[in-house]
Amino acid sequence: MEKVITMEKNEVPFEEYLAPGHRACTGCGEMLAVRLIAKTLGDDVIIANATGCVEIVSSPLPTTSWRVPWIHTLFENTSAVASGIEAGMKAMTRKGRYSRKTKVVAMGGDGATADIGIQSLSGALERMHEFIYICFDNEAYMNTGVQRSSATPFGASTTTSPAGKQSIGQMTWKKNLPAIVAAHDIPYVATACPSYPLDMINKVEKAMKVKGPAYIHVLSVCPTGWHSQSNATINLGRLAALTGIFPLYEIEQGRYKLNVDPAQLSPIEEYTKLQGRFRHLPPEVLASIQERVTDEYVKLKKKAAEV
Amino acid sequence: MVKNRVSMEGSLAVAEAAKLARTDVVAAYPITPQTHIVERLAQLVADGELDANYIPVESEHSAMSACLGSSAVGARTFTATAGQGLELMHEVLFVASSSRLPIVMVVANRALSGPLSVWGDHSDVMAARDCGWIQIFAENVQQAFDLVICAFRIGEDPTVLFPVMVNIDGFHLSHVIEPLYLLCQEEVDKFLPPYKYPYALNPDKPVSIGAFGMPNIYTEAKKSQDMALRASKNVILKTWQEFGKLSGRNYLPVETYKVEDAEVLLLTMGSFSETAMIAIDALRERGEKVGLIRLRLWRPFPLEEFQKAVAKAKLIIVLDRALSFGRPTGPVCSEVQAALYPLKTKPEIVSFVGGLGGRDISAATFENIIRNGMEKAKSGRFDELEMIEVRQ
């Protein structure tokens, strides 16, 4: 069974910093996460947003959904933009021209983070800028029409990894971005999902207290790209954790901790059968995915058991 | 004013100017021949002589991206690059100008690969011509120093708010040691008020920067950007005038040398202009009515000033230091042709390309170019550009 999550705080902030009326798809898990995270970050924040779904649905000129300072420039550079914001604020603070303790937050999708922006992310992490990077991982380039990214799971059919007579869809395993980020020895890395809202909020609060960079990898269920029912979003996020496909954990100062740790993992079919992107997979491929997921989960549990 | 005359390498003079401007943030990535500029700035920060945050980014793309962030938050921001570095920044350059962020960048102009060449020409800046930045060319170390200080004031003017690129020829300016007059901190402080970005990212007054434009608004956004860039010329003129009062050194968008009564004008940009002057002097001594014209301001293109400066000439000989592959002509020459085409009476135009990938052009070669150009004009050969001193 699912282990009860420890809450440090059981109230969601009342204030809204992402105004209603944005243009995300029905059942978008990503904007649900963005809204909750924006609430948690509060008003003393500057957000640098990579090109992608969040940027597009929240900012058609001359309107904006953002009630906090927000900048979008390009696809692959949001960590570098955040570096500049942080450095500029530090210089101005030192020179007496800035007095707030504003949090700098960079946001990007899985393409902006794991693929085109991994260089600028790695650079900003290595330089130890004080910022929170939040990756909203919907497991493909959804904004341009569901093309595969390195974060697309094995077997998923996308428009550039289509299933066909000669193909089972995506032929590579999802890039383990939290592990890559953790290899930078930054103080805080976590995975989260808006299906576990209080866990996600707690993680954002922890990230805000960290000195140095923090990274949160948020699984964002995408009914459009996953070919799932829009009312299944919350359930899919839970199943992702309960099957071990997307485990919820955090790495504080290098120490792993599982936040959702079911005594027995649910079979992956409970998760895959609700999504059109996996519909084509034959039992033997599903079995190999199950094997890999179980192995990876065992490895993660071992890490979490280390003291 | 105390005249502080020193000898200094071009790169160090640029760093000194950025220091005197009290730059808040430097984000830069090393590339030859720009390295001495950023090395010096890093050392100034390390020694506590410049109170700035130096971000040693992992690429030029991130250098310019970090500049976007620091400038948008209200910090005075400087960077420098060259050649491939400018090309890697390319897409970010357009965002800097359309977001109206007054970043100052020095480009130590360098040839583009391949073959790989670290040496100087104008291929890099010409490929970035349409990026919406104010683009200025320096001809010597003194000008590099002066124009960088002016660049901050021009870009940060609340009616301008554009990034400014100061071009200095790689090696020919970046690595040459020349005498120059420095300004003292009090003089620069008086000339350059503190940076106050009116639309800064600040929780006190939240703004959204970089919203996307649908077809019903994109054209209007671009028109207003173009209008603003063209209007910046007035501020550029005024700033250079005031700088002239402060320093005694005057700058104009189009500068001339011995053009009174000149029938033939040679047009150059950057450091080669000073060598060209020697050729003009020699030809003048032999009674040729030749003069030199230099484009200091490349963007916004100083159309009126240029048309006026060349109105009386019969022939303009343009030397480009970059190729436009598949060309009708060199990139500068194309602009010259476009600028003069609407005029009823206009000079004839001959196009040369030379000085690529660090190849020197001597005063004697400039004489040959002028003579050759005059010959071509006499025989009506205007159809092809000619690459000078090239082995067949």
Side-chain angles (χ1 to χ4, degrees), chain A residues 17 42-49 51 55-95 97-100 102-104 106 117 119-124 126-127 129 131, chain B residues 22-27 29 45 51-59 61-77 79 89 91-92 94-96 98-99 101 103 194-197 199-214 216-218 220-221:
Chain A
Y17 298 102
D43 63 357
D44 201 1
V45 66
I46 296 174
I47 294 174
N49 204 156
T51 307
E55 170 261 327
I56 285 290
V57 303
S58 68
S59 81
L61 195 67
T63 63
T64 179
S65 304
W66 294 96
R67 293 172 175 162
V68 289
W70 178 91
I71 182 169
H72 157 254
T73 63
L74 292 163
F75 200 179
E76 69 275 52
N77 69 343
T78 197
S79 301
V81 174
S83 304
I85 292 169
E86 184 249 23
M89 261 177 10
K90 272 190 175 158
M92 293 196 304
T93 302
R94 208 170 49 241
K95 296 179 178 188
R97 280 154 46 208
Y98 197 84
S99 52
R100 285 175 167 274
T102 308
K103 264 284 149 203
V104 180
Q119 173 182 315
S120 75
L121 171 64
S122 176
E126 172 271 323
R127 295 189 300 271
H129 291 282
F131 78 121
Chain B
R22 297 188 186 277
T23 298
D24 294 315
V25 171
V26 178
Y29 188 80
V45 173
D51 186 5
N53 279 51
Y54 184 96
I55 317 178
V57 283
E58 81 294 338
S59 73
H61 195 283
S62 283
M64 186 47 63
S65 298
C67 287
L68 299 179
S70 62
S71 187
V73 84
R76 183 170 283 160
T77 302
T79 189
M89 283 180 183
E91 66 159 349
V92 197
F94 288 75
V95 180
S98 59
S99 303
L101 297 169
I103 299 153
Y195 175 41
K196 185 126 185 52
Y197 189 58
Y199 314 108
L201 294 169
N202 189 317
D204 289 335
K205 198 185 165 199
V207 293
S208 290
I209 300 176
F212 85 95
M214 295 285 278
N216 66 352
I217 203 164
Y218 184 85
E220 285 71 18

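Worth saying up front: this structure is predicted, and the values here are computed from it rather than measured. Each chain gets a letter, A, B and so on, in the order its sequence line appears, and its residues count up from 1.
Contacts between L201(B) and chain A at a heavy-atom distance below 4.5 Å involve backbone atoms as well as side-chain atoms. At a 4.5 Å heavy-atom cutoff, the contact between V25(B) and chain A is made by side-chain atoms alone. Looking at T102(A), the atoms closer than 4.5 Å to chain B (heavy atoms on both sides) all sit in the side chain, from C-beta outward. D43(A) touches chain B through its backbone: at least one of N, CA, C or O sits under 4.5 Å from a heavy atom, while the side chain does not. P56(B) touches chain A through backbone and side chain together, each having a heavy atom under 4.5 Å away. Residue D204(B) touches chain A through both its backbone and its side chain, counting heavy-atom pairs closer than 4.5 Å. Looking at I56(A), both its backbone and its side chain come within 4.5 Å of chain B, counting heavy atoms on both sides. For chain B, the nearby part of V45(A) is the backbone; its heavy atoms alone come within less than 4.5 Å. Only the backbone of V207(B) comes within less than 4.5 Å of a heavy atom in chain A; its side chain stays farther off. Using a 4.5 Å cut-off between heavy atoms, S99(B) makes no contact with chain A at all. Of the two parts of A27(B), neither the backbone nor the side chain holds a non-hydrogen atom closer than 4.5 Å to a non-hydrogen atom of chain A.
Separation of atoms CH2 (W70(A)) and OG (S65(A)) is listed at 8.5 Å; rounding is to 0.5 Å. Summarising the geometry, atom CD belonging to E76(A) is positioned 9.0 Å from atom OG belonging to S59(B); distances are rounded to the nearest 0.5 Å. Remark: R76(B) CZ to R22(B) CZ distance equals 9.5 Å, nearest 0.5 Å. Between L101(B) atom CG and Y197(B) atom OH the span is 4.5 Å, to the nearest 0.5 Å. The distance from the CZ atom of R127(A) to the OG atom of S79(A) is 8.5 Å, given to the nearest 0.5 Å. Note that CD1 of I55(B) and SG of C67(B) are 7.5 Å apart. Values are rounded to the nearest 0.5 Å.
Checked by atom type, the side-chain pair W66(A)/S59(A) shows no donor-acceptor distance below 3.5 Å. For the 3.5 Å distance criterion, the side chains of T77(B) and Y195(B) fail to qualify, holding no donor opposite an acceptor.
Annotation: Y199(B), atom OH; neighbour count of heavy atoms from other residues, nucleotides and ligands within 6.0 Å does not exceed 12. In K95(A), the NZ atom is crowded: over 12 heavy atoms of neighbouring residues, nucleotides or ligands sit closer than 6.0 Å.
Chain B forms the most heavy-atom pairs under 4.5 Å with one residue out of R67(A), K90(A), M89(A), R94(A), and that residue is R94(A). Interface check for chain A: of the options G213(B), S71(B), P203(B), G69(B), the most heavy-atom pairs under 4.5 Å are formed by P203(B). Each of T64(A), I46(A), L74(A), N77(A) has some count of heavy-atom pairs under 4.5 Å with chain B, and the biggest count is that of L74(A). Ranked by heavy-atom pairs shorter than 4.5 Å toward chain B, the options A80(A), A91(A), S122(A) are led by A80(A). Chosen from G123(A), P69(A), G88(A), A48(A), the residue pairing most often with chain B at heavy-atom distances under 4.5 Å is P69(A). In terms of non-hydrogen atom pairs under 4.5 Å with chain A, the most contact-rich of A211(B), A75(B), S65(B), S70(B) is S65(B). Looking only at heavy-atom pairs under 4.5 Å with chain A, the residue among I217(B), D51(B), N216(B) that has the most is D51(B).
Under the 3.5 Å distance criterion, the side-chain polar atoms of H72(A) are left unmatched by any main-chain donor or acceptor of N49(A).
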